[in-house]
Amino acid sequence: MGTEKNVEKNPVIEAMEERRSVRSYTEEVPSEELVSQVVDAGLWAASGMGRQDTVIVAVTNRALRDRLSAMNAKVMGAAEGTDPFYGAPVVLVVLARRDVPTHVYDGSLVMGNLMLAAHALGLGSCWIHRAKEEFDSEEGRAILAELGVEGDFEGVGHCVLGYAAEVPAPKPRLDGRVVWAR
């Protein structure tokens with residue numbers, strides 16, 4: 001290995017280190033332009049063999065957002081009125097074609113891009129699970145049909161978006177998670 005030079009940290013790597021899962025949002029709804037930028041970043045995620053087998057359902061409609069929240073709460077066994085989306089006004093649902101062998105990985109890469117883009121644009125985000133159970137249900141499949149989403153899709157996750165009411169402090173990185181094979 002050569003001599004290390006004093007190099008400024010790359011802004012993408014800085015964003016990766018600074019991004020946090022936000023679990024408290026203001027009521028302010030991000031502009032459609034900002035949401036579109038986040039969605040576009042998700043579309044640029046890597047996918048197995050470049051298949052681009054994922055679909056993003058961008059939910060800005062409050063009634064549908066609340067319906068998904070109630071479905072999610074039911075799946076998690078939470079009390080009625082619980083909001084698993086932490087008050088975030090926007091939900092980006094990531095779906096992936098079930099017949100593609102890498103569908104869960106592909107959807108996970110989309111989720112990562114969405115969260116990183118949200119941070120880079122000044123928005124908070126958080127990955128909320130249970131999308132698989134929601135969209136495997138009769139009600140979930142009906143919602144997709146109402147939206148014109150055709151095909152056999154698996155819900156990979158919900159990326160909730162909004163303006164952070166508070167951002168948690170970073171947890172220290174644990175030691176022993178890298179093994180060098182030199």
Side-chain angles (χ1 to χ4, degrees), residues 1 4-30 34-35 37-48 54 56-59 65-66 68-79 81-96 102-135 154-182:
M1 296 209 188
E4 295 292 323
K5 294 182 180 179
N6 188 7
V7 178
E8 286 188 39
K9 192 172 279 189
N10 179 288
V12 175
I13 294 171
E14 277 186 356
M16 290 174 180
E17 292 175 354
E18 294 169 357
R19 192 208 68 77
R20 299 286 166 264
S21 292
V22 173
R23 293 178 176 86
S24 177
Y25 295 86
T26 69
E27 292 183 16
E28 183 180 356
V29 180
L34 279 177
V35 174
Q37 287 184 60
V38 173
V39 169
D40 286 346
L43 297 176
W44 284 96
S47 61
T54 55
I56 301 168
V57 178
V59 180
R65 178 252 181 250
D66 291 347
L68 293 175
S69 174
M71 289 172 65
N72 197 285
K74 185 176 179 181
V75 170
M76 72 186 286
T82 298
D83 180 14
F85 299 159
Y86 302 109
V90 176
V91 179
L92 305 178
V93 181
V94 175
L95 307 166
T102 58
H103 72 280
V104 173
Y105 310 115
D106 296 345
S108 297
L109 288 166
V110 170
M111 288 292 295
N113 274 23
L114 295 174
M115 293 183 295
L116 190 58
H119 172 75
L121 294 169
L123 298 173
S125 68
C126 190
W127 182 329
I128 307 298
H129 292 280
R130 296 170 294 280
K132 180 182 187 320
E133 295 84 354
E134 276 179 51
F135 293 99
E154 181 172 315
V156 175
H158 309 80
C159 179
V160 297
L161 292 179
Y163 291 100
E166 62 182 74
V167 178
K171 293 182 180 179
R173 301 296 93 180
L174 298 175
D175 291 331
R177 295 175 52 215
V178 176
V179 176
W180 287 92
R182 294 187 171 120

Does L92 reach the side chain of V110, with side-chain heavy atoms less than 4.5 Å apart? no
side-chain hydrogen bond (donor to acceptor under 3.5 Å, both in side chains) with T102: which residues, sequence neighbours excluded? D106
Can you name the closest pair of heavy atoms from N72 and H129 and give their distance? ND2-O, 2.9 Å
Which distance, rounded to the nearest 0.5 Å, do you find between the CD of E18 and the CG of L116? 10.0 Å
4.5 Å side-chain heavy-atom contact, W127 and V156: yes
With the side chain counted from C-beta on, respond yes when R20 and P170 share a heavy-atom pair under 4.5 Å apart, and no when they do not. yes
Shortest non-hydrogen separation from G42 to L114 and the atoms involved: CA-CD2, 3.7 Å
d(K74 NZ, T82 OG1) to nearest 0.5 Å is 14.0 Å
Look only at the side chain of R65 and the backbone of A88, and say whether a donor-acceptor pair between them is shorter than 3.5 Å. yes
Say you draw a straight line from SG of C159 to CE of M115; how long is it, rounded to the nearest 0.5 Å? 6.0 Å
Considering all heavy atoms, the nearest E28-P89 contact: O-CG, 3.6 Å
Compare all side-chain heavy atoms of Y86 with those of S21 and state whether any distance is below 4.5 angstrom. no
A side-chain contact here means heavy atoms from C-beta on lying under 4.5 Å apart; do F135 and L68 qualify? yes
For the student: nearest non-hydrogen atoms of T54 and A96, plus distance: CG2-CB, 4.0 Å
With a 6.0 Å cut-off (strictly less than), is the heavy-atom count around OH of Y163, excluding the residue itself, greater than 12? yes
For K132, the side-chain hydrogen bond (donor to acceptor under 3.5 Å, both in side chains) test, sequence neighbours excluded, returns D136
Paired with L123, the side chain to side chain contact (heavy atoms under 4.5 Å, CB included) test is passed by just one of V90, V22, V38, namely V38
Over 12 non-hydrogen atoms of neighbours within 6.0 angstrom of CD in E27: no
If you measure from SG on C126 to CZ on R23, what distance do you get to the nearest 0.5 Å? 4.0 Å
Would you give the length of the straight line joining atom CH2 of W44 to atom CG of N113, rounded to the nearest 0.5 angstrom? 11.0 Å
Please identify each residue that fulfils side chain to side chain contact (heavy atoms under 4.5 Å, CB included) with A41, with sequence neighbours left out. A117
Return the CG to CD distance between N10 and E17, rounded to the nearest 0.5 Å. 10.0 Å
Provide the full list of salt bridge (Lys or Arg N to Asp or Glu O under 4.0 Å) pairs with a residue in residues 154-166, sequence neighbours left out, each pair given once. R98-E154
Between M71 and E134, the two heavy atoms sitting closest are CE-O, 3.6 Å
Who are the salt bridge (Lys or Arg N to Asp or Glu O under 4.0 Å) partners of K171, not counting sequence neighbours? none
The side-chain hydrogen bond (donor to acceptor under 3.5 Å, both in side chains) partners of S69 (sequence neighbours excluded) come to D83
To check you understand the geometry: which heavy-atom pair defines the closest contact between R182 and W180, and what is its length? NH2-CD2, 3.3 Å
